[in-house]
Number of protein chains: 2
Amino acid sequence: MVEHSGLDIMCLNKYSPASSSSSSSNAERKLFSKLKVSLTKKYPQKNAETLSAQYGTNLLLIGVSVMLALAQHGPAVKEEHLLAFITALMLMQLVWMLCYMIRRERERSPVPERDAHAGTSWIRGGLTMLALLSLIMDAFRIGYFVGYHSCISAVLGVYPIVHALHTISQVHFLWFHIKDVIKKYETFERFGVIHAVFTNLLLWCNGVMSEAEHFLNNHRRRLTALGYANLTTEAEPHCNCTTSVCSMFSTSLYYLYPFNIEYHIFVSAMLFVMWKNIGRTLDRHSNRKRPSTRSPGLLLGPLLGLLALASSITVLVVYLIHVEKSEQTREAAISMFYCYGVVMLSCMCGASGAGLLVYRVEDWPMDTGSNPSRQLDTELLLGSSLGSWLMSWCSVVAVAAAGRGSPSFRWTCLAYSLLLVLEKCVQNLFIVESLYRRRRDPDDAPVPEIFSVTPAPMVPPYDGIVNRAYETQDRRRAALEGEAPENRAAFSMKHSDVTLPAGNRLNVTPGRKRQILKNITIFLFMCNVSLWILPAFGCRPQYDNGLEQETFGYSVWTTVLNVAIPMNLFYRMHSVASLFEVFRKV
Amino acid sequence: MVEHSGLDIMCLNKYSPASSSSSSSNAERKLFSKLKVSLTKKYPQKNAETLSAQYGTNLLLIGVSVMLALAQHGPAVKEEHLLAFITALMLMQLVWMLCYMIRRERERSPVPERDAHAGTSWIRGGLTMLALLSLIMDAFRIGYFVGYHSCISAVLGVYPIVHALHTISQVHFLWFHIKDVIKKYETFERFGVIHAVFTNLLLWCNGVMSEAEHFLNNHRRRLTALGYANLTTEAEPHCNCTTSVCSMFSTSLYYLYPFNIEYHIFVSAMLFVMWKNIGRTLDRHSNRKRPSTRSPGLLLGPLLGLLALASSITVLVVYLIHVEKSEQTREAAISMFYCYGVVMLSCMCGASGAGLLVYRVEDWPMDTGSNPSRQLDTELLLGSSLGSWLMSWCSVVAVAAAGRGSPSFRWTCLAYSLLLVLEKCVQNLFIVESLYRRRRDPDDAPVPEIFSVTPAPMVPPYDGIVNRAYETQDRRRAALEGEAPENRAAFSMKHSDVTLPAGNRLNVTPGRKRQILKNITIFLFMCNVSLWILPAFGCRPQYDNGLEQETFGYSVWTTVLNVAIPMNLFYRMHSVASLFEVFRKV
C-alpha cells in the first residue's frame with residue numbers, strides 16, 4: 001500500500017512531467033483537466049474533515065427538529081416520520097459498512113495499521129452485552145407491532161427489524177474494524193464513518209426523548225393520583241391487541257431503554273475516535289498496549305463498593321414504593337434519598353481525594369503522547385459533567401430562594417447538590433490524572449525508567465522519558481538560541497543528577513501505592529454504577545421534590561432536567577468505563 | 001528566566017541528593033515534606049488545565065442558574081442578585097489583572113515570549129471600538145440609575161461603574177499582554193485567565209438574556225397592538241425620574257446592546273487563546289507574521305458588497321416600519337425579507353463556491369503548524385453555525401408540516417432556510433481552507449518554495465515544505481521498516497522531480513487568482529456585516545411569521561430562537577473577523 005500524505009501528492013502532481021509541458025494554447029483545457037484531477041485526488045484533509053462534520057451535524061439537527069415538532073403532539077408530524085428518517089439513515093449506514101468490509105476483505109494488506117488504544121476488548125465486550133439487550137428490546141417492539149398491527153403504521157414494524165439488523169452488523173464492525181486506521185479513499189470513508197457516528201447519536205437522542213416522555217407521563221400519572229393535576233396519559237393504539245402479552249411488551253420495554261441508550265452513545269464515541277484516526281500516522285513506540293498485571297490485596301475497595309451497590313438498590317426499591325403513596329411518605333422517601341446521597345458522595349470525594357494525594361506523593365511520569373481516544377475520553381468526561389453541574393447549581397439557587405414553608409429536606413438537598421459538584425470535580429481530576437500517568441512497574445524499579453532502553457525489535461531506541469526530556473531540551477535550545485545561561489546550568493545539573501544511585505529508594509512502597517489506587521478505583525467504579533442505576537430506573541427526586549419547580553417554573557425545570565439527566569447518565573457510564581481503564585492501567 | 005517543564009522538575013526532584021538519603025526512621029517526615037514540595041511545586045499541567053476549566057465552567061453555571069430563576073420573574077431572585085454576583089467576579093478579575101501587570105512590569109525579561117498569531121492589532125482595534133460603545137452604554141446606565149436612584153437598588157448604580165472600570169483595564173490588558181506566553185506561576189495564572197474568560201462569557205450571557213427579554217417584550221407589545229394577545233409589558237421602576245432623559249437612556253441602551261454583546265464574546269475568545277498558550281513552547285519558525293501585501297484590482301467585490309449593505313439597511317428600515325402595522329403589511333414585510341434573503345444567500349453561496357474552485361485549481365500548500373488561535377477560530381465557526389442550522393431545519397419541518405391555509409411566504413421561507421444551511425456550509429469551508437493555506441507570494445514564484453531556505457538569522461534552516469515532506473518521509477520510514485518498495489520508489493521519484501525547471505509554469509496567473517480571492521473575500525465580508533445588522537437591530541422574522549410557532553408551540557420555538565439567534569449573531573461577527581484575516585493573508 002502506498003501512502004501519500006496530501007503534501008506528497010501535491011509535490012508529485014506539481015512537478016510531474018505531464019503537467020509541466022507549458023504551451024499556452026491549450027491552457028484552458030489543461031486548467032479543466034487539472035481541476036478534474038484535483039477534485040478527484042487531493043482534497044485536503046482539513047476540508048474533508050470540515051465537510052463531513054458539517055454533513056453529520058446537519059443530519060442530527062434534522063432529526064432533532066423533527067423530534068422537537070413531535071414533542072408538541074401536533075397533528076402534522078407523527079412518530080412514523082421520525083422513525084422512517086432514522087430507518088433510512090440506518091440502511092445507509094448498513095450499506096456503507098458492507099462496502100467497507102468487502103473492500104477490506106479483498107485488499108487485505110499484510111500489516112494493516114491499527115490504533116491499539118481505540119476500543120479495547122473489554123469495552124467491545126461490554127458493548128456486545130448492551131447490544132444483546134437492545135436486540136431483546138427490538139424483539140419486544142416487533143411483538144408489540146404484531147399485536148397492534150391492524151391499527152398502527154407499518155413503519156413501526158420495519159423500524160425494529162432494521163434496527164436489529166443494524167445492531168448485529170454494527171457489533172461485527174466494532175469487533176473487527178474499529179481499530180482500523182483508514183488510509184485509502186479517505187474522503188469517502190470519512191463520510192461513511194461520520195454518518196455512522198451521527199446515526200448512532202440520533203438513535204441516542206431518540207431513546208432519550210422516548211424515555212423522558214415516558215418518565216414525564218409517569219410523573220403526571222403520579223401527580224394525578226395524588227390529586228395535584230388532571231392530565232391525560234400516554235396515547236394507546238385504538239384497537240385491541242391480538243396477542244395476550246402486548247402490555248407486557250410495552251412495560252418491559254422501558255426497563256431496557258437505559259441499556260439501549262448507553263449502547264448508542266458509546267458506539268458513537270468509538271466511531272468518532274475512528275473518524276479522528278482517518279489518515280493519521282501512528283508513532284509505533286507509543287502505540288503498544290501494556291500487559292495487565294495481577295492485582296494483589298484487593299479487599300477493602302470491592303467490599304465497600306458492594307456495600308454501596310447493595311444500599312443503592314435498597315434505596316431504589318424503597319423510593320419507588322414510597323413515592324407513589326401519600327404526601328408524607330413521599331417526603332420521607334425524598335429525604336432518605338438525599339441523606340443516602342450525602343453519605344455516598346462524601347465517601348466518593350474522600351476516595352478520589354486520597355487517590356490524588358497518592359499521585360502527589362508518587363512521582364510517576366506523565367504520558368504526553370498523542371492519543372485521540374484518551375483525549376476524547378477526557379473531553380467527554382468534562383463535557384458531560386456540565387449537565388449535572390447546572391442541575392446542582394439550580395438546586396442551590398432554589399434552596400436559597402425558598403421561603404420558610406419549604407420542605408424539611410431543604411438543607412440535605414443543599415448539601416447533596418454541593419457535594420455532587422465537588423465529587424464530579426475531584427473524580428474528573430483523579431480520572432484525568434490516572435489516564436495521563438505512565439505506569440511504573442514495581443519489578444523494574446532498581447533501574448530508573450530514565451535509562452530503560454527497551455530492546456524490543458520493533459521499537460526505535462528512543463523510548464523512556466529521559467530521551468523525551470532531552471528532545472524537549474534540544475528543541476528548546478534550538479528555538480531559544482539567545483536564552484542560555486540558567487538553561488544550560490539546569491541541563492548540566494540534570495546530567496550529574498542522573499548518575500546518583502537512586503534505585504534503592506524507589507522500590508520501597510510503589511506496590512503498596514498501586515494497591516491503594518486499585519482499591520480506590522474499584523470502589524469508585526461500583527459507586528458510579530450505583531449512581532447510574534438510580535436515575536436510570538426511575539429514582540429521580542428532582543422531579544418529585546417540588547423545590548426547584550417553585551423557583552424555576554415547570555417548563556424551565558423540566559427542560560433543564562430533560563437535558564441534564566441524560567447527560568448525567570452518560571457521565572456515570574462513561575466514568576465507569578474510564579475507571580475500568582484506570583484499574584487496568586494502575 | 002529558567003523554564004522548567006513539568007518533566008524537568010520531576011527529574012530534578014527525584015534525584016536531588018537531599019531527598020535520596022534513605023534512612024527508614026524519618027520516612028514519614030520525609031513523606032510529608034515531599035508531599036509539601038509536590039503540592040507547591042510540580043502540579044502537572046494537564047491537571048491544572050482540568051481544574052481551572054472546571055472552576056470556570058462552574059462560575060458560568062452558577063450565573064446561568066440565577067438567570068434561569070430570574071427569567072421566571074419569581075419573588076425570591078431579583079436582578080440585583082445576579083448583578084452583585086457579576087460585579088464580584090469583575091472585581092476579582094480586576095485584582096488579578098492588576099497583580100499580573102505589576103508582576104510583569106517588575107520582572108521584565110529581555111525577550112518575553114509572545115504568540116504572534118494571538119490577537120492581531122486590527123482585532124484589538126476593533127475591540128477598542130466596541131469597548132468605547134460599551135462605555136457609552138455604562139454612562140447611560142449610570143444616568144438611568146441617577147434618575148431613578150430613590151427606588152432602585154444601589155447595585156444597579158455600582159454595576160455600571162465597575163463595568164466601566166473593568167472595560168478600560170481589560171482593553172489595556174488586551175493591548176499589552178494578550179500575546180504573552182505565560183511560563184511562571186503557571187497554575188495560578190491559569191486560574192486568573194480562566195476566571196477572566198468566564199467572567200466575560202457570563203457578561204455575554206447576561207447581555208444576551210437582557211436583549212432577548214427586551215425583544216420578547218417588544219414582540220408581545222406588537223401582538224397586543226394587533227389584538228392577538230393581552231400581556232403586560234416590562235416592569236418600570238415605581239417612582240418618577242428625577243432627570244428628564246430617563247426614557248431616552250433606557251431606549252438608546254438597546255441600540256448599544258449588540259455591540260456590548262459582541263465585545264464580551266470576542267474578549268473571552270481571545271483570553272481563551274491566552275489560556276491555551278500558557279506553558280506552551282513556541283516553535284519560532286512558524287511563529288512569525290507575514291507582512292501584508294498591497295491589493296490591486298479591488299473593484300467588483302467592494303462594489304457588490306456595498307450594494308448588499310445598502311439593500312440590507314433598506315430592508316431593515318422597511319421591515320421595522322411595516323411589521324408594526326396591519327396583518328397584511330406584516331405579511332408583505334416578511335415576504336420581502338425572505339426574497340431578499342434568498343437573493344443574498346445565493347450570491348454568497350456562489351462567491352464562496354467560486355473561492356473554493358480557485359483553491360482547487362491553485363496548488364497552494366497547506367499549513368499544518370500548531371496554532372491554537374486558528375484552531376479555535378475554526379471550532380468556533382463550526383460550533384456557532386449549529387444554532388442557525390437548527391433554526392433552519394425547524395423552519396423546514398414547519399413548512400413541510402404546514403397545511404393549506406398557511407401564509408404565502410411558505411415556499412420562499414423554505415428556500416431561504418435551505419440556502420442558509422448551504423451558505424454556512426460553503427462559507428465555513430472557504431474560510432477554513434483559506435486559514436489553513438500558506439500564501440505563495442507571486443514575486444518569488446520562479447524559485448519553487450520547495451527549496452526556499454530562508455536566510456533570516458533567527459530561523460532554523462529547515463523552513464519551506466520539502467523539508468517537512470522529507471521529515472515525514474523519514475519518520476515514516478523509521479516507523480514502517482518493513483514497508484519499503486513503492487514507498488522508496490515514490491521517494492526517489494520526488495528527488496528527480498524536484499530537478500525539473502518548474503518555475504516558468506508557476507507565475508502565469510497567481511496574481512489574477514489572488515485578485516479574485518480578495519474580491520470574493522471582501523464581498524463575503526460585507527455580506528456578513530449585513531446579515532449581522534439585520535437581526536442585531538430587530539429584524540427577526542422568525543418571531544413574526546407564526547409558521548414555526550404553529551408546529552413547535554410558543555415555548556419551544558422561543559427557546560430555540562433565544563439560543564439560536566445569539567449564536568447566529570456571534571457566527572456573523574466571527575466570520576467577519578475571520579474573513580478579514582483571510583483578506584490580509586490571501
Side-chain angles (χ1 to χ4, degrees), chain A residues 2 5-8 10-11 14-15 20 22 35 38-39 44 46-47 50-51 54 57-58 61-62 65-66 68-69 72 74 76-77 281 284 360-361 363 366 386 389-390 393-394 397 401 425 428-429 432-433 436 460 469 472 476 478-479 486 490 494 497 500 502 504-505 551-553 555-556, chain B residues 2 5-8 10-11 14-15 20 22 35 38-39 44 46-47 50-51 54 57-58 61-62 65-66 68-69 72 74 76-77 281 283-284 360-361 363 366 386 389-390 393-394 397 401 425 428-429 432-433 436 460 469 472 478-479 486 490 494 497 500 502 504-505 551-553 555-556:
Chain A
V2 195
S5 74
L7 216 62
D8 301 356
M10 226 171 268
C11 300
K14 207 182 297 173
Y15 298 101
S20 75
S22 66
L35 184 62
S38 13
L39 282 179
K46 192 72 206 169
N47 280 34
T50 312
L51 194 59
Q54 289 185 345
T57 41
N58 277 303
L61 289 175
I62 295 174
S65 56
V66 175
L68 284 178
Q72 199 57 26
V77 182
T281 314
R284 275 285 160 103
R360 289 286 81 69
V361 174
D363 296 327
M366 295 297 264
L386 288 181
W389 281 335
L390 179 63
W393 289 119
C394 283
V397 169
C425 283
N428 285 347
L429 277 180
V432 170
E433 175 133 22
Y436 277 84
T472 336
R476 198 182 301 138
E486 298 99 325
K494 206 167 352 148
D497 287 341
L500 284 172
N504 57 349
R505 196 182 58 83
T551 312
F552 294 97
S555 70
V556 171
Chain B
V2 196
S5 74
L7 215 63
D8 300 355
M10 225 171 269
C11 299
K14 206 182 297 171
Y15 299 101
S20 75
S22 65
L35 184 61
S38 13
L39 283 179
K46 190 74 205 169
N47 280 36
T50 312
L51 194 59
Q54 289 186 346
T57 42
N58 276 300
L61 289 175
I62 294 173
S65 56
V66 175
L68 284 178
Q72 198 56 26
V77 182
T281 313
D283 48 334
R284 276 284 161 104
R360 289 287 79 70
V361 174
D363 297 327
M366 293 299 262
L386 288 182
W389 281 336
L390 179 63
W393 289 117
C394 283
V397 170
C425 283
N428 286 346
L429 276 179
V432 169
E433 175 132 23
Y436 277 84
T472 336
E486 299 99 325
K494 210 173 339 158
D497 286 341
L500 285 172
N504 56 351
R505 198 181 56 83
T551 313
F552 294 96
S555 69
V556 170

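Basis for what follows: all heavy atoms, side chains included, without hydrogens, waters or symmetry-related copies. Each chain gets a letter, A, B and so on, in the order the sequences are listed, and its residues count up from 1.
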Chain A contacts, top residue of B:Leu386, B:Val77, B:Asn58 (heavy-atom pairs, under 4.5 Å): B:Asn58
Residues B:Val556, B:Cys394; criterion side chain to side chain contact (heavy atoms under 4.5 Å, CB included); working and verdict: CA-CA 11 Å; B:Val556 170; B:Cys394 283; over 6 Å; no
Winner by heavy-atom pair count (cut-off under 4.5 Å) against chain A, out of B:Ile62, B:Val66, B:Asn428, B:Leu390: B:Ile62
Inter-residue atom distance B:Trp389.CH2 - A:Leu61.CG, 0.5 Å rounding: 8.0 Å
Chain B contacts, top residue of A:Ala401, A:Ala69, A:Ala76 (heavy-atom pairs, under 4.5 Å): A:Ala69
Structural part of B:Phe552 lying under 4.5 Å from a heavy atom of chain A: both
A:Asn47 versus B:Arg360, closest heavy-atom pair with distance: ND2-NH1, 4.2 Å
Under 4.5 Å from a heavy atom of chain A, the part of B:Thr57 involved: side chain
Option in B:Ser555, B:Gly553, B:Cys425 with maximal non-hydrogen atom pairs under 4.5 Å from chain A: B:Cys425
